[in-house]
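Every chain is numbered from 1, with letters handed out A, B, ... down the list of sequences.
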Protein chains: 2
Amino acid sequence: MKLSTKGRYAVTAMMDLAINDRNGPVTLAEISSCQGISLSYLEQLFAKLRKVGLVEGVRGPGGGYRLGKPVDKVTIAEIILAVDESIDSTQCQGTEDCHAGDRCMTHQLWEDLSFRLYEFLNGITLSDFIKRPEVKRVSVDQGSTSNHINKMFQPVTGSH
Amino acid sequence: MKLSTKGRYAVTAMMDLAINDRNGPVTLAEISSCQGISLSYLEQLFAKLRKVGLVEGVRGPGGGYRLGKPVDKVTIAEIILAVDESIDSTQCQGTEDCHAGDRCMTHQLWEDLSFRLYEFLNGITLSDFIKRPEVKRVSVDQGSTSNHINKMFQPVTGSH
DNA sequence: CTATTCCCGAGTGAATCACTAGGTATTAGT
DNA sequence: ACTAATACCTAGTGATTCACTCGGGAATAG
């Protein structure tokens, strides 16, 4: 689960597609000029997105890209995994007898954390963003219909 | 909020410190041989961690590194931010009149997501890991004392 | 004094990032 | 049939970052 600028480009581009879904395909030229990313670089990113079925291209004039799945099925984790390939957890992983014996359970702990992070990002879909189109920074409308998201805005109470 | 192998090194090293907290300082040589990371590279990482007060060094024989704060005050987000400096959200950010007008709210949406991710990682502390030392993959003990963590293992129900 | 540790800076090959350049394939409009 | 618009594909490139080596210091326990 890596996360870098490349992943950001992919996610924001996918958001763009999700927002303008009903108006037909979105061209890369639009996204490029709008987001200030190179066209050819976008093409490379979309090649990866297309390979895993997250988007589908429409050729010819009036063409562009459409989402390959319904907005509520596309998760942030998928998008990031498609372009920012995962971190290599090599390093004596599996064979945990690396040293003093009782140390070095950190691999396990990291995988725990990594899994949690994945679950978190896999619980957020594109629809969670386009649902509140102009509503900038929603302010905790209780009893929400969009489940599990607003939890993130809540407590953390104990720690800071 | 970037996340790469570098951040993983820092997090696992900090976990190591947290686990062996009571046995005096931990040397970089130990972490190095245990985790298969170069000693000098570790030194560079720990220089950054020291700069923000996450660790403190003890010189001389028997020295090493100690946590700079109580384990329950050190969050994953802090560690990652200390070594993996944040993603540049440049690109027409602020001036959102980049194109057709009603498009391009994606910056805002990205910042939303980025903030959520930060909150998530800032809600996990080192103590959440060392609390269950040998307990591999805890299985949802309800009514937990360690609040907000086990929520992550729960629903996501709707999406997949 | 000496060995052990942290501390510091400079340099290096490899990989990745974001991009440029130059194509080909498909299709809507005329 | 022609043209323009679009997706699609491959190769290369400078800049940056990654993970590392090397060569030193500075502090301190024994």
Atom CZ of A/F46 and atom C1' of D/dT6 are separated, to the nearest Å, by 14 Å
A/L17 CG to D/dA7 P, in whole Å, measures 10 Å
Is there a side-chain polar atom (N or O) of B/S38 under 4.0 Å from OP1 or OP2 of D/dT21? yes
Do any N or O atoms from the side chain of B/N20 and from the backbone of B/L17 form a donor-acceptor pair under 3.5 angstrom? no
Item checked: OP1 or OP2 of D/dC8 under 4.0 Å from side-chain N/O of A/R50 -> yes
Atom CZ of B/R59 and atom C1' of C/dA3 are separated, to the nearest Å, by 15 Å
For D/dT6, does OP1 or OP2 lie under 4.0 Å from any side-chain N or O of A/Y65?
no
Checklist line | Side chain B/Q44 and base D/dC20 donor-acceptor under 3.5 Å | finding: yes
Counting any heavy atom closer than 4.0 Å, what does A/L39 reach on the DNA or RNA strands: base, sugar-phosphate only, or nothing? nothing
In whole angstroms, the gap separating P of C/dA21 from CG of A/L42 amounts to 17 Å
Rounded to whole Å, the CG-C1' distance (A/L45 to C/dC19) equals 11 Å
note: A/Y9, atom OH; C/dT16, atom P; distance rounded to Å ~ 18 Å
- [ ] Ignoring hydrogens and angles, answer whether the base of D/dC22 and the side-chain atoms of B/S40 contain a donor-acceptor pair closer than 3.5 Å.
- [x] yes
